[in-house]
Amino acid sequence: MALLNWLTRFANKNNDIHHLTFSEYKNKFNNIYNISVRDLKNLGETGLVSIVLPVYNGEKYLKHAINSVISQSYKKIELIIVDDGSDDKSGSIAEEYAKNNNNIFVISHNANRLLPTALNSGFKMAKGEYLTWISHDNILLPKFIEKMVQELDYYKDAAMVYGNMKLIDKNGNVLRGKGWYEYPPMSGNVILPTGTDNLNITANNTIGAAFMYRASVADLIGEYSNDRFGIEDYDYWMRINEIFPIRHTEFSEPLYLYRFHDDSLTSKDEELGITLNRPKLMEFDELRRNFLLLQNQKDALDGKELLKSKIDKLNSITLDELKKLL
């Protein structure tokens, strides 16, 4: 109720913030908050990368994903496997790896609680300065973590970095001709756009699955939304992008293998309503950005503290509540 009253008092004074271009939004945002990634307190063990691996009935491919993490050239890592209520051998596979590797940990859910909750469970346990996650059916090439860490170490103002991918099929063979930012043609490479100005404006997740971000940023942004199953990653990238810079890697070589197969979430797009729900997410995000630009002259908070209070409110408000008030 306090949040609704707060919004009502100031919504009518801020009608000019609706339907801004993303660049206009970022300019207004920066004028209000004047905050950068460098202003955040470093969190996590310096140089440690926490990798969360959620799995639900993924016994067929799980070992490949785990082995790709173990084989990384960058060794200061921890792997947190979240068994999200599997009823196949995924749990026992994960436990066997944890028994033989002191940097692998397993969290077991007694029921399938879906991907956002699995991610949140894993990241609550994470101790790293840098964070990423991998689906149980995908593969990291050996230099992936090393190269992503180099990018974040060099670009101190970047909240997050993302890179290109290569598509593979159910058998691990290069999958050609899908047309998903494919270059060169028929290469299987996914060469993603190098800018994120359209990420929050056009219903198209151009970040992909090869990414890494800072624990300090995650602390400010909050958890993955349990109400966004299927688009929880896209929603999270949008939330970061509307506050801080996200950079494409300087290197273009795909170091992440993204697998297409009949049981993947991507293949169940229509069933899960992933693409169908994106326009609703865009609508919510525009309202979310408008809310971040609302100004209360009597507010005692400013800068990071004010931003954090607004983010916390946004993480608990519904689309209908925002619609009525903005």
Side-chain angles (χ1 to χ4, degrees), residues 17-30 32-33 35-37 40 114-116 119-120 123 131-133 157-163 165 180-181 190 192-248 265-266 269 272-294 307-308 310-323 326:
I17 66 178
H18 290 265
H19 307 301
L20 297 174
T21 67
F22 194 70
S23 294
E24 290 171 338
Y25 159 77
K26 287 301 286 277
N27 287 336
K28 285 182 174 289
F29 178 91
N30 290 331
I32 294 171
Y33 298 102
I35 186 173
S36 75
V37 171
L40 303 180
L114 302 182
L115 181 56
L119 291 173
N120 292 333
F123 284 120
L131 309 176
T132 189
W133 56 273
D157 290 320
M160 174 179 177
V161 293
Y162 67 102
M165 305 175 291
W180 182 20
Y181 294 106
V190 181
L192 294 164
T194 57
T196 59
D197 283 350
N198 291 325
L199 184 70
N200 298 59
I201 304 300
T202 304
N204 185 16
N205 181 0
T206 55
I207 297 296
F211 55 82
M212 186 177 290
Y213 53 97
R214 302 179 191 275
S216 57
V217 171
D219 181 64
L220 179 67
I221 298 297
E223 296 187 331
Y224 288 84
S225 173
N226 290 322
D227 297 326
R228 302 271 189 266
F229 175 51
I231 52 174
E232 61 286 307
D233 53 347
Y234 190 12
D235 173 64
Y236 206 76
W237 316 151
M238 292 168 71
R239 287 156 63 188
I240 294 176
N241 195 47
E242 61 198 17
I243 295 174
F244 295 122
I246 298 177
R247 287 187 61 93
H248 190 288
L265 290 181
T266 303
D269 183 304
L272 298 176
I274 295 174
T275 298
L276 185 65
N277 285 327
R278 284 179 179 174
K280 296 178 182 178
L281 177 60
M282 309 309 291
E283 179 184 10
F284 184 86
D285 188 67
E286 182 179 17
L287 297 176
R288 181 163 57 195
R289 297 195 306 272
N290 289 340
F291 175 54
L292 288 174
L293 296 184
L294 289 175
L307 179 59
K308 179 60 175 173
K310 287 189 174 183
I311 290 173
D312 289 344
K313 292 172 183 176
L314 278 170
N315 288 347
S316 62
I317 198 171
T318 67
L319 173 62
D320 288 339
E321 288 172 325
L322 281 176
K323 271 185 176 181
L326 292 175

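- Distance alone, capped at 3.5 Å, is enough to place a donor-acceptor pair between the T21 side chain and the E24 backbone.
- For K308 against L220, the heavy-atom pair with the smallest separation is NZ-O, 3.3 Å.
- What you find for E232 and S225 is that their closest heavy atoms are CB-O, 4.2 Å.
- In this structure, CZ on F284 lies 6.0 Å from CG on L314, to the nearest 0.5 angstrom.
- For residues 217-230, the set of pairs meeting the salt bridge (charged side-chain N to carboxylate O under 4.0 Å, His left out) definition, not counting sequence neighbours, comprises K124-E223, R228-D235.
- If you look at W133 and F211, their ring centroids are closer than 6.0 Å.
- Looking only at side-chain heavy atoms (C-beta outward), M282 and Y234 come within less than 4.5 Å of each other.
- Between the E286 side chain and the E283 main chain, no donor and acceptor come within less than 3.5 Å of each other.
- F244 has its side chain within reach of L40: a pair of non-hydrogen atoms, C-beta onward, lies under 4.5 Å apart.
- Residues L131 and A218 come closest through the heavy atom pair CD1-CB, 3.8 Å.
- Side chains of M212 and Y162 form no contact here, defined as non-hydrogen atoms less than 4.5 Å apart.
- Among all heavy-atom pairs drawn from S23 and D197, the shortest one is OG-OD2, 4.4 Å.
- To the nearest 0.5 angstrom, L20 atom CG is 6.5 Å from N290 atom CG.
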Is there a side chain to side chain contact (heavy atoms under 4.5 Å, CB included) between L292 and Y25? Walk through the geometry before answering. CA-CA 10 Å; L292 288 174; Y25 159 77; 3.5 Å; yes

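- Residues T196 and N241 bring a donor and an acceptor atom of their side chains to less than 3.5 Å of each other.
- Contact check for M160 versus V217: no side-chain heavy atoms found under the 4.5 Å cut-off.
- Note that CZ of F291 and CG of L287 are 11.5 Å apart. Values are rounded to the nearest 0.5 Å.
- The structure places CG of L294 at 13.5 Å from CZ of R289, a figure rounded to the nearest 0.5 Å.
- Side-chain atoms of Y213 and V161, non-hydrogen and from C-beta on, never get closer than 4.5 Å to each other.
- When side chains are defined from C-beta on, I32 does not count as touching L307, because their heavy atoms never get closer than 4.5 Å.
- Between the side chains of K310 and Y33, at least one donor-acceptor pair of N or O atoms lies under 3.5 Å.
- Taking each heavy atom of D285 and N200 in turn, the nearest pair found is OD2-ND2, 2.9 Å.
- Under the 4.5 Å side-chain criterion, counting only non-hydrogen atoms from C-beta, I231 is not in contact with N205.
- Counting heavy atoms from C-beta on, the side chains of D233 and I207 never come closer than 4.5 Å.
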Please step through side chain to side chain contact (heavy atoms under 4.5 Å, CB included) for the pair N198 and F22, ending with a clear verdict. CA-CA 8 Å; N198 291 325; F22 194 70; over 6 Å; no

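- Of all the heavy atoms in L192 and M165, the pair that sits closest is CD1-CE, 4.4 Å.
- Remark: R214 engages no residue in a salt bridge (Lys or Arg N to Asp or Glu O under 4.0 Å) (not counting sequence neighbours).
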